[in-house]
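Everything on this sheet refers to the single structure shown next.
A note on names: the letters A, B, ... follow the listed sequences, proteins ahead of strands, and every chain is numbered from 1.
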2 protein chains.
Amino acid sequence: MQTEEEILKIKKVKNTAVRTVVLRHLLSQEKAQSLKDIENALAYTDRSSIFRTLKTFEENKVIHSIEDGSGMTKYAVCAKGCNCDPKDLHYHFYCTNCDKTFCLFDVPIPKIQLPENFKLQQANMVVKGLCDNCNK
Amino acid sequence: MQTEEEILKIKKVKNTAVRTVVLRHLLSQEKAQSLKDIENALAYTDRSSIFRTLKTFEENKVIHSIEDGSGMTKYAVCAKGCNCDPKDLHYHFYCTNCDKTFCLFDVPIPKIQLPENFKLQQANMVVKGLCDNCNK
DNA sequence: CTTTTACTGCAACTCGATTGCAAAGATTAC
DNA sequence: GTAATCTTTGCAATCGAGTTGCAGTAAAAG
Ligand SMILES: [Mn+2]
Ligand SMILES: [Mn+2]
Ligand SMILES: [Zn+2]
Ligand SMILES: [Zn+2]
């Protein structure tokens, strides 16, 4: 696992106090985090600073965002080597019972055969159901 | 193509003036519509009435909703025979140039192999890129 | 016809997201 | 070094999609 400093250096994002704690928090969580999740976890950091940090991270492919239908955008750290292009696509799983959203890096995504002349750029693939913990 | 009245009858949703015009509008559009799209198209129908109509339609599987990441939930009429369960899953395509979102009923969705003990209930699969019209 | 239930329109409100602005901090120019 | 410049941060205000309470109207039941 890389440290926050290493990741920011690789992605050419200047390191600051806020950026470090936001990235550290994201790295420490197994489930994708909303702005509010982060705000609650980092009690003394302003929401708009976190918000702008997340935008910066997303632009520079430090993290990616997930629209899981809960009404709050979630964020997760990109896998090592991820460039956020179609080859890095993966499913996200949203548990309808415990509200956790996470990246399914290990489930292969089949090649999507788009109609003639369509161009694939990105995708937001959210699979919903019960996670192993809730399906008992 | 079925008429609004036929669809509502099959789905056991009582027909009203608002419901008819909302469903007629959805049927007339090739792209999925947001609440605002519908509000703009139906100048004399109140937003909250349209909103509640959409909720009723969704509960009764007349339509399904799509979170395409644009910030506004989009709605599209279900295909004939659709029960909105996993077997009726299909991709949605969001064109990043013209902002249209539509159902890709003809692109098969491969079986998703979830991790051990996960249960699939639903999914929101949005593929983003350029539509044939914009990819020139 | 009367009672009950469902639908509609309007206004108010919620809440996640976003922005303007000034202060603080970091970087570059001299 | 200091001054000028650019970037980041915190705070408050704002935006806008979504949602709700409520009273009036329409439809269904008795
Ligand atoms: Mn992910
Ligand atoms: Mn669809
Ligand atoms: Zn769960
Ligand atoms: Zn297009």
Side-chain angles (χ1 to χ4, degrees), chain A residues 4-5 8-9 11-26 31-60 62-76 94 99 101 124 126, chain B residues 4-5 8-9 11-26 31-60 62-76 94 99 101 124 126:
Chain A
E4 305 88 58
E5 288 78 10
L8 293 179
K9 193 166 192 181
K11 297 295 170 70
K12 298 188 169 59
V13 176
K14 202 203 299 178
N15 200 346
T16 70
V18 174
R19 288 174 188 174
T20 300
V21 292
V22 170
L23 183 51
R24 181 174 302 153
H25 174 74
L26 287 173
K31 62 166 180 159
Q33 300 285 292
S34 67
L35 175 55
K36 169 160 275 182
D37 288 338
I38 303 169
E39 196 186 352
N40 290 342
L42 308 179
Y44 297 107
T45 308
D46 183 73
R47 182 178 358 132
S48 63
S49 300
I50 300 170
F51 172 76
R52 285 186 269 230
T53 294
L54 291 171
K55 290 287 157 198
T56 302
F57 282 178
E58 197 174 11
E59 276 163 26
N60 291 280
V62 175
I63 63 176
H64 60 275
S65 60
I66 308 152
E67 302 281 335
D68 64 10
S70 69
M72 286 148 87
T73 304
K74 306 283 176 68
Y75 301 90
Y94 176 74
D99 287 315
T101 297
N124 183 58
V126 179
Chain B
E4 305 89 54
E5 288 78 10
L8 293 179
K9 194 166 190 182
K11 298 294 171 69
K12 298 190 170 61
V13 176
K14 203 204 298 180
N15 201 347
T16 70
V18 174
R19 288 175 189 174
T20 301
V21 292
V22 170
L23 183 51
R24 181 174 303 153
H25 175 74
L26 288 172
K31 62 168 181 160
Q33 301 284 293
S34 67
L35 175 55
K36 170 160 272 181
D37 289 337
I38 303 170
E39 196 186 350
N40 291 341
L42 308 179
Y44 298 106
T45 308
D46 183 72
R47 180 176 2 122
S48 63
S49 298
I50 300 171
F51 172 76
R52 284 186 270 228
T53 293
L54 292 170
K55 289 288 158 198
T56 301
F57 282 177
E58 196 174 11
E59 277 163 24
N60 291 280
V62 174
I63 63 176
H64 59 275
S65 61
I66 308 153
E67 302 280 336
D68 64 10
S70 69
M72 285 148 87
T73 305
K74 306 282 175 68
Y75 301 89
Y94 175 73
D99 287 315
T101 297
N124 183 58
V126 179

Can you tell me if A:His25 and A:Gln33 form a side-chain donor-acceptor pair at under 3.5 Å?
yes

B:Asp46 has an atom CG; how far is it from atom C1' of D:dT25, in whole Å?
14 Å

How would you label the contact of B:Thr16 with the nucleic acid (heavy atoms, under 4.0 Å): base, sugar-phosphate, or nothing?
sugar-phosphate

Whole-Å gap separating C1' (D:dT19) and CD (B:Glu58):
14 Å

Specify the separation, in whole Å, of atom CD of B:Glu59 and atom P of C:dC7.
11 Å

Given atom CG of A:Leu42 and atom P of D:dT9, what is their separation to the nearest angstrom?
12 Å

Does the side chain of A:Tyr94 come under 3.5 Å of the side chain of A:Asp99 through a donor N or O and an acceptor N or O?
yes

Non-hydrogen atoms of B:Ala32 and B:Ile66 that approach each other most closely
CB-CD1, 3.7 Å

When you compare the side chains of B:Asn15 and B:Thr20, does any donor N or O come within less than 3.5 Å of an acceptor on the partner?
yes

From CD of B:Gln33 across to C1' of D:dA17 the rounded distance in Å is 16 Å

Could you run down the sub-3.5 Å N/O contacts of the protein with nucleotides 15-19 of chain C?
| from | atom 1 | to | atom 2 | distance (Å) |
| --- | --- | --- | --- | --- |
| C:dG16 | OP2 | A:Lys36 | NZ | 3.0 |
| C:dA17 | OP1 | A:Thr73 | N | 2.9 |
| C:dA17 | OP1 | A:Thr73 | OG1 | 3.3 |

Using atom CG of A:Asn15 as one end and atom P of C:dG25 as the other, report the distance to the nearest whole Å.
17 Å

For residues 47-55 of chain B, run the donor-acceptor check on the side chains, cut-off 3.5 Å, and write out each pair with its distance to 0.1 Å, sequence neighbours left out.
| from | atom 1 | to | atom 2 | distance (Å) |
| --- | --- | --- | --- | --- |
| B:Arg47 | NE | B:Glu39 | OE2 | 3.4 |
| B:Ser48 | OG | B:Asp46 | OD2 | 2.5 |
| B:Thr53 | OG1 | B:Ser49 | O | 2.8 |

In whole angstrom, give the distance that lies between atom OH of B:Tyr44 and atom P of C:dG9.
13 Å

Heavy-atom closest pair, residues A:Thr73 and A:Glu67
OG1-OE2, 3.3 Å

Taken to the nearest whole Å, CG/A:Asn60 to P/D:dT7 is 14 Å

